[in-house]
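Lettering follows sequence order; numbering is per chain, from 1.
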Amino acid sequence: MTDDDASSRTQQAGGLLEDTSAPFYTIGQVAEILGMQPPALRRLDEQAIVSPERSEGGQRRYSHDEVQRLREVLELTEEGVTLPGIRKVLELRQQVDELKEEVAELKGQ
DNA sequence: TTTCTCACA
DNA sequence: TGTGAGCA
């Protein structure tokens with residue numbers, strides 16, 4: 001049972017942050033969840049597709065947000081998109097997000 | 001025990 | 001992309 005960890009991990013927060021706010025996963029956990037190998041996750045980090053925090057002994061800590069991003073990345077890779085291409089997609093997605101905010105501001109005026 | 005980096009196939 | 005060595 002690998003999905004068990006994710007749910008029990010929320011209880012570990014103590015109830016203060018019981019939601020998906022800031023749970024961190026180890027590279028092994030993320031690999032299990034996404035069904036990929038740890039080296040693959042490291043490649044994604046090296047390619048700047050995800051930027052996990054570093055904790056304690058320099059070990060990667062993936063937030064819930066990173067895992068979601070990884071899910072999107074996996075979809076793209078399965079469609080044949082290369083890592084540089086995915087990086088571009090994420091970059092454009094961010095730009096779209098920023099433009100959406102701009103549009104929202106303009107509408108509000 | 002797990003993860004780290006580096007290197008190789 | 002996956003595996004192994006050697007270390008913390």
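Closest approach of A:Val50 to A:Tyr62, counting heavy atoms only: CG2-CE2, 4.2 Å.
Counting only residues at least two apart or in different chains, salt bridge (Lys or Arg N to Asp or Glu O under 4.0 Å) contacts with residues 69-83 of chain A comprise A:Asp65-A:Arg69, A:Glu72-A:Arg93. For residues 95-109 of chain A, the set of pairs meeting the side chain to side chain donor-acceptor pair (under 3.5 Å) definition, not counting sequence neighbours, is empty.
Side-chain contact between A:Arg60 and A:Arg54: present, with at least one pair of heavy atoms (C-beta onward) separated by less than 4.5 Å. For the pair A:Met36 and A:Leu44, the minimum side-chain heavy-atom distance is below 4.5 Å.
Taking the 5' to 3' direction, DNA chain B first and last meets chain A under 4.0 angstrom from a heavy atom at B:dT3 to B:dA7.
Using a 4.0 Å heavy-atom criterion, one finds that A:Arg61 contacts no nucleic acid atom at all. Among the heavy atoms of the strands, none lies under 4.0 Å from A:Gly57. At a threshold of 4.0 angstrom between heavy atoms, the contacts of A:Leu44 with the nucleic acid are absent.
Under the side-chain contact (heavy atoms from CB on, under 4.5 Å) criterion, A:Pro39 pairs with A:Gln37, A:Arg42, sequence neighbours left out. Partners of A:Glu91 by salt bridge (charged side-chain N to carboxylate O under 4.0 Å, His left out), not counting sequence neighbours, listed by chain and number: A:Lys88. In this structure, the side-chain contact (heavy atoms from CB on, under 4.5 Å) partners of A:Ala31, at least two apart in sequence or on a different chain, are A:Pro38, A:Leu41. Every side-chain contact (heavy atoms from CB on, under 4.5 Å) that A:Gln47 has, sequence neighbours left out, goes to A:Ile49, A:Leu83, A:Arg87.
Among the duplex regions that DNA chain C forms, those built from at least three successive Watson-Crick or G-U pairs under 3.5 Å are B:4-9 with C:1-6, ordered by first number.
With rounding to the nearest 0.5 Å, the separation of CG in A:Asp45 from CD1 in A:Ile27 is 8.0 Å.
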Do any N or O atoms of the protein come closer than 3.5 Å to N or O atoms of nucleotides 2-8 of chain C, and which pairs are they?
unit_1, atom_1, unit_2, atom_2, d
C:dG2, O6, A:Arg43, NH2, 2.9

